[in-house]
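Note that the structure is predicted; figures quoted are calculated from it, not measured. Chain A is the first sequence line, chain B the second, and so forth, proteins listed ahead of strands; every chain is numbered from 1. Heavy atoms only: backbone and side chains are in, while hydrogens, waters and symmetry mates are out.
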There are 2 protein chains.
Amino acid sequence: MPTHKKKYPAPAIRLGTLLRRPYRRIRERFYEELARGGHPHITPAHSAVFRNVAPGGSRISDLAAEAGITKQSMGYLVDVLARRGYVELRPDPADGRAKLVFATKQGVTAVRHLSRQSRALEQRLRKAYGDAWVNDLRAKLERLDAFLEDTLRH
Amino acid sequence: MPTHKKKYPAPAIRLGTLLRRPYRRIRERFYEELARGGHPHITPAHSAVFRNVAPGGSRISDLAAEAGITKQSMGYLVDVLARRGYVELRPDPADGRAKLVFATKQGVTAVRHLSRQSRALEQRLRKAYGDAWVNDLRAKLERLDAFLEDTLRH
DNA sequence: TAAAATTGACAGAGTATCTGACTATATGCA
DNA sequence: TGCATATAGTCAGATACTCTGTCAATTTTA
């Protein structure tokens with residue numbers, strides 16, 4: 001390392017990078033663990049389904065809108081999960097065009113596996129840095145997202 | 001809010017979700033803006049190249065390792081960027097097997113476009129919430145990533 | 001009830017990733 | 001020195017996830 005005073009300070013890591021790095025780590029680890037736990041075919045893309053599927057069933061169109069992808073893409077993800085037995089499709093009694101997506105027992109199990117990992121990680125984090133630290137990080141991330149929603153309007 | 005004590009508190013948003021949401025917003029917006037700025041073919045995947053390419057040139061193998069993808073995948077990304085004129089390949093004078101990837105003028109321009117957006121966003125954030133707030137968020141995210149690196153060991 | 005909108009599917013395509021096998025070159029050791 | 005092994009990058013093929021365009025069935029609206 002040079003000992004003379006630097007003219008240009010090292011550029012700060014970008015905010016996006018600071019978010020991406022821990023996000024990727026968590027995602028990779030959790031889905032590897034889920035695979036080891038008996039669900040090797042569930043990928044992060046599928047959580048676009050699980051995240052939003054309602055206990056009383058959800059329409060593909062609604063799931064697509066919530067996940068921010070096309071109906072066709074959501075249809076594909078739902079189809080894969082249905083073949084694997086993670087969700088079930090039933091006709092919507094209220095609308096002859098629509099189908100309702102329900103999580104099966106196996107689907108719920110997989111979701112719980114991920115939730116459990118998330119809770120465990122957070123506990124470890126609270127133990128290491130304290131509740132205030134974690135609560136503040138959470139609060140700041142929520143605030144950041146709200147700020148972006150307002151600021152990055154189209 | 002109900003005043004009676006809740007038996008089941010609303011489950012907290014997962015940490016991964018708190019990271020993912022702002023990350024996705026930033027990423028989508030920045031690359032849309034980059035497209036409007038004359039670089040419609042640059043996608044987030046390509047930043048795996050730009051992020052790590054050294055001023056003196058980088059090997060595909062090294063770029064792959066740094067990005068955490070296979071040599072073949074990195075080769076593909078580099079090939080796309082080379083065809084579009086964002087990077088240039090030259091033989092490595094020190095190793096007859098290797099090629100060195102360099103960013104072209106156009107590549108540097110694209111990278112700067114993204115950096116500029118990142119700086120602008122951060123400035124807005126500092127104006128809205130103050131330097132301390134942003135610095136603390138940054139520090140916590142760095143700490144989180146370091147914690148994950150240690151904790152999520154294989 | 002006729003027109004317009006919505007739901008989901010089908011067909012076709014593109015991007016980004018992977019694994020396996022290969023060539024050419026470099027490195028290390030006997 | 002020369003052979004064995006490791007490394008750099010490519011080729012071929014496959015898979016996952018996403019898109020656009022189109023369509024039939026159905027529901028909603030005017």
Side-chain angles (χ1 to χ4, degrees), chain A residues 20 24 27-28 31-32 34-35 39-54 57-84 86-102 110, chain B residues 20 24 27-28 31-32 34-35 39-54 56-84 86-102:
Chain A
R20 191 189 65 248
R24 286 282 165 87
R27 195 181 66 173
E28 265 152 48
Y31 282 86
E32 276 168 20
L34 183 65
H39 304 279
H41 300 103
I42 304 303
T43 70
H46 299 139
S47 67
V49 182
F50 289 134
R51 256 201 297 282
N52 299 308
V53 87
S58 298
R59 292 184 180 188
I60 289 177
S61 295
D62 293 342
L63 291 176
E66 286 160 337
I69 60 177
T70 60
K71 287 192 297 178
Q72 293 93 321
S73 297
M74 181 52 73
Y76 165 78
L77 294 173
V78 165
D79 186 57
V80 170
L81 289 176
R83 283 173 202 280
R84 297 280 182 191
Y86 288 88
V87 300
E88 211 174 62
L89 288 160
R90 301 185 214 144
D92 184 345
D95 188 333
R97 297 166 303 178
K99 295 173 183 178
L100 292 176
V101 183
F102 292 84
Chain B
R20 191 188 65 249
R24 288 282 165 85
R27 194 182 68 174
E28 266 154 46
Y31 282 85
E32 276 169 19
L34 183 64
H39 304 279
H41 301 104
I42 303 303
T43 70
H46 299 138
S47 66
V49 182
F50 288 133
R51 255 202 297 281
N52 299 309
V53 85
S58 299
R59 290 184 180 190
I60 288 176
S61 296
D62 294 342
L63 291 175
E66 286 160 337
I69 61 177
T70 61
K71 286 192 296 179
Q72 294 92 321
S73 297
M74 182 52 73
Y76 164 78
L77 293 173
V78 165
D79 187 56
V80 170
L81 288 177
R83 284 172 202 280
R84 296 282 182 192
Y86 288 89
V87 300
E88 210 173 64
L89 288 161
R90 300 185 216 145
D92 184 345
D95 188 333
R97 297 166 301 177
K99 297 173 183 177
L100 292 176
V101 183
F102 292 84

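Here chain B contacts DNA chain C (any atom closer than 4.0 Å to a heavy atom, that is under 4.0 Å), and the contacts span C:dT15 to C:dA26 from 5' to 3'.
Atoms CD1 and CG, on B:I42 and B:L81 in that order, are 5.0 Å from each other to the nearest 0.5 Å. Rounding to the nearest 0.5 Å places CG of A:L34 at 5.5 Å from NE2 of A:H39. Distance check, rounded to the nearest 0.5 Å: NZ of B:K99 to OG of B:S58 gives 15.0 Å. Note that CZ of A:R97 is 6.5 Å distant from CZ of A:R59, once rounded to the nearest 0.5 Å. We find the CG-CG distance between B:L63 and B:N52 to be 6.0 Å, quoted to the nearest 0.5 Å. Taken to the nearest 0.5 Å, the CG atom of A:L77 stands 10.0 Å off from the CD1 atom of A:I60.
Per the geometry, OH belonging to A:Y76 stands 17 Å off P belonging to D:dT20, to the nearest Å. Remark: P of D:dT18 and CZ of B:R27 are 10 Å apart, rounded to the nearest angstrom. The separation between B:L89 atom CG and D:dA8 atom P is 16 Å, rounded to whole Å. Straight-line distance from the CG atom of B:D92 to the P atom of D:dT7: 16 Å, rounded to whole Å. When the C1' atom of D:dC11 is taken as reference, atom CE of B:M74 falls 19 Å away, rounded to whole Å.
With sequence neighbours excluded, no residue forms a ring pair (Phe, Tyr, Trp, His ring centres under 6.0 Å) with A:H46. Remark: B:R27 engages A:R24, B:Y23, B:R24, B:Y31, B:P44 in a side-chain contact (heavy atoms from CB on, under 4.5 Å) (not counting sequence neighbours).
Contacts between residues 60-70 of chain A and DNA chain C, counted as heavy-atom distances below 4.0 Å, involve A:I60, A:S61.
Dense packing is recorded around CZ of B:R51, with more than 12 heavy atoms of other residues, nucleotides or ligands lying under 6.0 Å away.
Closest heavy-atom contact between B:V87 and B:V78: CG2-O, 3.7 Å. Between B:A94 and B:D92, the shortest heavy-atom distance links the atoms N-OD1, 2.8 Å.
Between the side chain of B:K99 and the base of D:dG9 there is no donor-acceptor pair of N/O atoms closer than 3.5 Å.
Heavy atoms of B:H41 sit nowhere under 4.0 angstrom from any nucleic acid atom.
Counted by atom type alone, B:Y86 and B:H41 present zero donor-acceptor pairs between their side chains at under 3.5 Å.
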Would you mind building the protein contact string for nucleotides 24-30 of chain D? One character per nucleotide, 5' to 3', B for base within reach (heavy atoms under 4.0 Å), S for sugar-phosphate only, - for untouched.
-BBS---
Report, one pair per line, the protein and nucleotides 13-15 of chain D atoms (nitrogen or oxygen only) whose separation is under 3.5 Å.
none

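The side-chain heavy atoms of A:V101 and A:L89, taken from C-beta on, include a pair separated by under 4.5 Å.
In terms of position along DNA chain C, the nucleotide closest to A:A98 lies nearer the 5' end than the nucleotide closest to the other residue of the pair A:A98 and A:Q72.
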